[in-house]
Number of protein chains: 2
Amino acid sequence: MSEQVEERDGRPASGRRRAGRQRAAVQELLGAGSSFRSAQEIYADLRERGNPIGLATVYRALQAMVEDGEVDVLRSSDDAEAVYRRCSRGHHHHLVCRRCGRTVEVEDQAVERWAGAVAHEHGFTDVAHQVEVFGTCAQCAAPSS
Amino acid sequence: MSEQVEERDGRPASGRRRAGRQRAAVQELLGAGSSFRSAQEIYADLRERGNPIGLATVYRALQAMVEDGEVDVLRSSDDAEAVYRRCSRGHHHHLVCRRCGRTVEVEDQAVERWAGAVAHEHGFTDVAHQVEVFGTCAQCAAPSS
DNA sequence: ATTCTTGCAAACCCTTTGCAAGCTA
DNA sequence: TAGCTTGCAAAGGGTTTGCAAGAAT
């Protein structure tokens, strides 16, 4: 369980994998909204829309997309399932509405510096960090929805 | 993890639940180090030390401790199992060594302000955030030793 | 035809729960 | 004895994998 990360071959961003109609469906569905979606939800969603996809395919598509950096994975602490969201490449953080799930990508050097400073202060190097900000968006906070 | 701490104690930390020798064992083991431990690891650890605890008991103990706010749970994105760590109450973040797992609790108003500002900027209210900083600690980074 | 993708179902893993037995007060 | 804790085994739920069938090149 405490094993170190296995080295995996660098994967050419895209063009290596044949697109596949079903994977495309997953991509499209994720691209549609900007909020979280669990694999199970995506599976159900696609089926309802008349696209009889297999659950395994959904997982495989998501897995591939994560590897390619197309989507982010997040595991809530209280929920058993992982949620995925479309996501631009590069380093950034998210501001998500805890009510409707809408997500805003945030990019700010301030946090980066902060993380670096804190780490350095304690003698840590090779710093990385993970930040998620939650809140209630203006729309959801509106008294009369 | 998020800062929306369930205020107020109200919980006679030790008057409600009868301690139980096994739960005590889990508490002690978690208290020993300041790094992550998965339930499975704790289970294996205790057994190796000659304490034939049951897996279910480990989970129940951890569950109770989480409820009492004695420990934090964290689910890594790439790992299937949740990890637990002893943790002081109140809002703070962690700086953890990706090599040895050592954890330093960090408390800094800067991030809090940053999170608030970013959220406000986008019309979000009732803000909470979750931050984890990873790095390699000085000891682990040392060339020889 | 070859290679990659898809689906189904079984396999896996972590976690939770039912229930009988063991302690503690 | 009453009430809580512990263990084992079985159940649950999400995710992954084996393998045969279906597309695309």
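Numbers restart at 1 for each chain; the letters A, B, ... are given by sequence-line order, proteins then strands.
Rounding to whole angstrom units, CG of residue A:Leu74 and P of D:dG14 are separated by 17 Å. A:Ile42 has its CD1 atom 13 Å from the C1' atom of D:dT15, to the nearest Å. A straight line from CZ of B:Arg75 to C1' of C:dC13 spans 11 Å, rounded to a whole angstrom. In this entry the distance linking CZ of B:Arg23 with C1' of C:dC23 reads 17 Å, nearest Å. With rounding to whole Å, B:Asp79 atom CG is found 14 Å from D:dG14 atom C1'. Put simply, CG on B:Leu46 is 12 Å from P on D:dT6, counting in whole angstrom units. In this structure, A:Leu62 places its CG atom 15 Å from P of D:dG14, rounding to the nearest Å.
Residue contacts shown for B:Gln63 are limited to sugar-phosphate atoms, with no base heavy atom under 4.0 Å away.
Nearest nucleotide to the side chain of B:Ala80, out of D:dT15, C:dT6, C:dC14: C:dC14.
Counting only N and O atoms by type, the side chains of B:His92 and B:His94 include a donor and acceptor under 3.5 Å apart. No hydrogens or angles considered: nothing links the side chains of B:Glu81 and B:Gln40 as a donor-acceptor pair under 3.5 Å.
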Apply side chain to side chain contact (heavy atoms under 4.5 Å, CB included) to A:Arg86 and A:Thr103, showing your working.
CA-CA 10 Å; A:Arg86 192 162 212 293; A:Thr103 302; over 6 Å; no

Can B:Asp72 and B:Tyr84 be said to form a side chain to side chain contact (heavy atoms under 4.5 Å, CB included), step by step?
CA-CA 6 Å; B:Asp72 264 359; B:Tyr84 303 79; over 6 Å; no

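Using bins of under 30°, 30° to 60° and over 60° for the plane-to-plane angle, the ring pair A:His93/A:His129 lands in the tilted bin.
Contact annotation: A:Tyr59 side-chain N/O to D:dT16 OP1/OP2 distance is not under 4.0 Å.
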Can you give me the N/O atom pairs linking the protein to nucleotides 7-11 of chain D at distances under 3.5 Å, or say none if there are none?
unit_1 : atom_1 : unit_2  : atom_2 : d
D:dG7  : OP1    : B:Gln22 : NE2    : 2.5
D:dG7  : OP1    : B:Pro52 : O      : 3.3
D:dG7  : OP2    : B:Gly54 : N      : 2.9
D:dG7  : OP2    : B:Thr57 : OG1    : 2.7
D:dG7  : N7     : B:Arg60 : NH2    : 2.7
D:dG7  : O6     : B:Arg60 : NH2    : 3.0

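Each of B:Glu105, B:Glu132, B:Glu70 was evaluated against B:Arg85; a single residue qualifies, B:Glu132, per the salt bridge (charged side-chain N to carboxylate O under 4.0 Å, His left out) test.
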